[in-house]
Number of protein chains: 2
Amino acid sequence: MPLKDTGTERLIKDAAKRLLFAEGKLYATTQDIADAAGINRSAVHYYYRTRNQLISQVFEESMTALSLRLDQAMLSDHPFPKKIEELIDIYLAEMIAYPYEETFMVTEINNAGHKLVTKIKEGPVSSFLEEVAREMEAGTIDKMNPVHFLINLFSLLSYPIIMAPLYQQFFQLAKDDFNKIIQERRDLVYQMIFKTKDGKTDHVKM
Amino acid sequence: MPLKDTGTERLIKDAAKRLLFAEGKLYATTQDIADAAGINRSAVHYYYRTRNQLISQVFEESMTALSLRLDQAMLSDHPFPKKIEELIDIYLAEMIAYPYEETFMVTEINNAGHKLVTKIKEGPVSSFLEEVAREMEAGTIDKMNPVHFLINLFSLLSYPIIMAPLYQQFFQLAKDDFNKIIQERRDLVYQMIFKTKDGKTDHVKM
DNA sequence: TTTTTATTCAACAAAATTGTTTAATAAAAA
DNA sequence: TTTTTATTAAACAATTTTGTTGAATAAAAA
């Protein structure tokens with residue numbers, strides 16, 4: 001524990017996040033992290049003692065932050081379409097900034113066996129699922145298990161960004177062209193989500 | 001190079017695949033792989049000399065195989081809905097068997113900087129994109145950039161499987177319940193893909 | 001200025017991982 | 001059975017990574 005937070009502690013954690021979440025360097029060593037933070041490797045150990053503790057903190061912090069952001073969006077009192085719009089924007093911004101955050105989480109769970117149960121609140125998700133169910137009753141969106149609705153939403157937003165290096169090759173697109181595709185998805189996903197079987201799509205256009 | 005393929009060579013590669021793609025142990029050491037294959041670590045080196053060569057072969061082989069399977073599905077001469085059905089089944093089976101294959105590919109690209117350009121054939125993808133475009137003209141599916149259509153398809157299928165450990169927690173579901181959700185997606189994704197804005201969904205039901 | 005706190009430096013020990021080698025043994029083929 | 005081939009065992013060197021320590025500086029606070 002440092003006696004005072006002079007910012008270096010954060011610097012280290014942010015550098016780790018950048019390497020892991022933004023650059024996808026999931027094996028980053030303490031040296032890598034120190035370099036990325038522009039500090040001495042000793043400092044990493046000084047502040048976090050072990051690599052494991054640093055990684056764990058990054059893991060927990062991100063999990064909590066992500067959870068919180070989503071909860072916030074899900075609990076806002078805006079009308080449903082607006083709320084979805086917010087959810088999309090929040091999620092998209094996060095994924096573009098940190099495409100490998102979720103990948104990291106999953107691999108950490110698979111490798112280190114982190115527990116994250118405690119970090120997830122019951123409330124927001126289940127109450128949002130109920131709201132989704134009500135919207136389905138109202139006919140705004142197609143009827144299905146609300147869990148599928150949310151999975152669809154996140155899938156359509158996250159996956160292409162995570163797999164960008166793969167699909168860029170797959171579709172033989174230049175980096176810029178692929179980025180343009182990603183940008184287009186904000187509206188496209190919104191449309192898809194609100195496209196009902198009976199053709200009513202008369203909602204607030206984004 | 002072994003003088004003869006007695007099966008051990010494959011055994012090693014398969015064990016590596018299992019660890020990397022099925023269990024998500026993306027950092028598996030030569031020892032881990034040897035253990036998983038039930039053989040001596042020396043054998044790993046005997047057959048592949050270095051870890052890197054083994055990993056590279058696994059990478060290339062999977063890339064080629066995946067590419068081939070998809071090409072095959074995309075080039076079949078079945079009618080479009082049937083073709084999509086095949087594509088879904090192929091993709092879903094692959095993802096369920098090897099949820100982390102794509103994750104591995106991407107992290108390898110980000111870390112080792114593998115080139116895979118040469119592995120992807122021009123033909124099948126672009127001709128399939130054209131077919132998708134024709135179907136859009138015909139009104140079977142919604143009009144959009146065909147690239148988006150394919151990205152949507154793969155996103156909806158892959159992402160929930162890749163992120164299962166995360167979303168299982170997120171939705172507070174038991175493993176079995178979540179698996180049931182995944183199974184439901186085969187039909188659900190099919191429906192979504194063929195759900196047009198004007199409400200015509202009168203295709204072959206799966 | 002003195003004292004405390006933050007950071008670096010250098011050196012090192014301990015582990016873990018990789019890769020090589022040589023001999024031993026087991027299995028298969030001739 | 002002899003010979004080749006496949007596999008293991010054991011020991012080792014090289015490398016990388018981790019983690020510790022204590023002294024040296026630098027910066028900030030008192």
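Here is the naming used below: chain letters follow the sequence lines, and residue numbers restart at 1 for every chain.
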Which atoms of nucleotides 11-13 of chain C (N or O only) lie under 3.5 Å from a protein N or O atom, and what are those distances?
none

Between side-chain atoms of residues 32-43 of chain A and protein atoms elsewhere (two or more places apart, or another chain), which donor-acceptor pairs fall under 3.5 Å?
| unit_1 | atom_1 | unit_2 | atom_2 | d |
| --- | --- | --- | --- | --- |
| A:D32 | OD2 | A:T29 | N | 3.0 |
| A:D32 | OD2 | A:T29 | OG1 | 3.2 |
| A:D35 | OD1 | A:Q31 | NE2 | 2.9 |
| A:N40 | OD1 | A:S42 | N | 2.9 |
| A:N40 | OD1 | A:S42 | OG | 3.1 |
| A:R41 | NH1 | A:H45 | NE2 | 3.4 |

message: I need the CD-P distance between A:E9 and C:dT8, as an integer number of Å.
response: 14 Å
field: Interatomic distance where OH belongs to B:Y46 and C1' belongs to D:dA9 [whole Å]
entry: 15 Å
- request: For A:I55 and D:dG19, give me the distance from atom CD1 to atom C1', rounded to whole Å.
  value: 15 Å
- prompt: Can you find a heavy atom in the side chain of A:E131 that is under 4.5 Å from one in the side chain of A:R134?
  reply: yes
query: Is the side chain of A:T107 donor-acceptor paired with the backbone N or O of A:F104 at a distance under 3.5 Å, no angle test?
result: yes
query: For the rings on B:F178 and B:F171, is their centre-to-centre separation under 6.0 Å?
result: no
Mutual orientation of the aromatic rings belonging to B:Y27 and A:Y27 [parallel < 30°, tilted 30-60°, perpendicular > 60°]: perpendicular
field: Member of B:E94, B:E61, B:E23 meeting the salt bridge (Lys or Arg N to Asp or Glu O under 4.0 Å) criterion with B:K17
entry: B:E61
field: For atom CZ of B:R10 and atom C1' of D:dA6, their distance in whole Å
entry: 18 Å
message: Rounded to whole Å, how long is the line connecting atom CZ of A:R51 with atom P of C:dA16?
response: 15 Å
message: Restricting to side chain to side chain donor-acceptor pair (under 3.5 Å), what partner residues turn up for B:Y91, sequence neighbours left out?
response: A:Y159, A:Y167, B:E102
field: Donor-acceptor under 3.5 Å (A:R51 side chain, A:A28 main chain)
entry: yes
- line: So, with a heavy-atom separation below 4.0 Å from DNA chain C, the residues of residues 22-34 of chain B are B:T29, B:T30
message: Pairs counted only when both distances fall under 3.5 Å, Watson-Crick or G-U: show me the 5' to 3' dot-bracket for DNA chain C, [ ] for pseudoknotted crossings and | for other-strand partners.
response: ||||||||||||||||||||||||||||||
- prompt: Partners of B:S56 by side chain to side chain donor-acceptor pair (under 3.5 Å), sequence neighbours excluded?
  reply: none
- prompt: How long is the line joining CG of A:N40 and C1' of D:dT20, in whole Å?
  reply: 14 Å
query: To the nearest Å, how far apart are B:L54 CG and C:dT18 P?
result: 11 Å
query: Which class fits the ring pair A:F80 and A:F128: parallel under 30°, tilted 30 to 60°, perpendicular over 60°?
result: parallel
Nucleotide of C:dG19, D:dA6, D:dG19 approaching B:T8 most closely (side-chain heavy atoms): D:dA6
message: Would A:L54 and A:R49 count as a side-chain contact (heavy atoms from CB on, under 4.5 Å) here? Give the steps.
response: CA-CA 8 Å; A:L54 168 58; A:R49 207 170 69 75; over 6 Å; no
- prompt: Expressed in angstrom and rounded to an integer, what is the separation of B:Q53 atom CD from C:dT18 atom C1'?
  reply: 13 Å
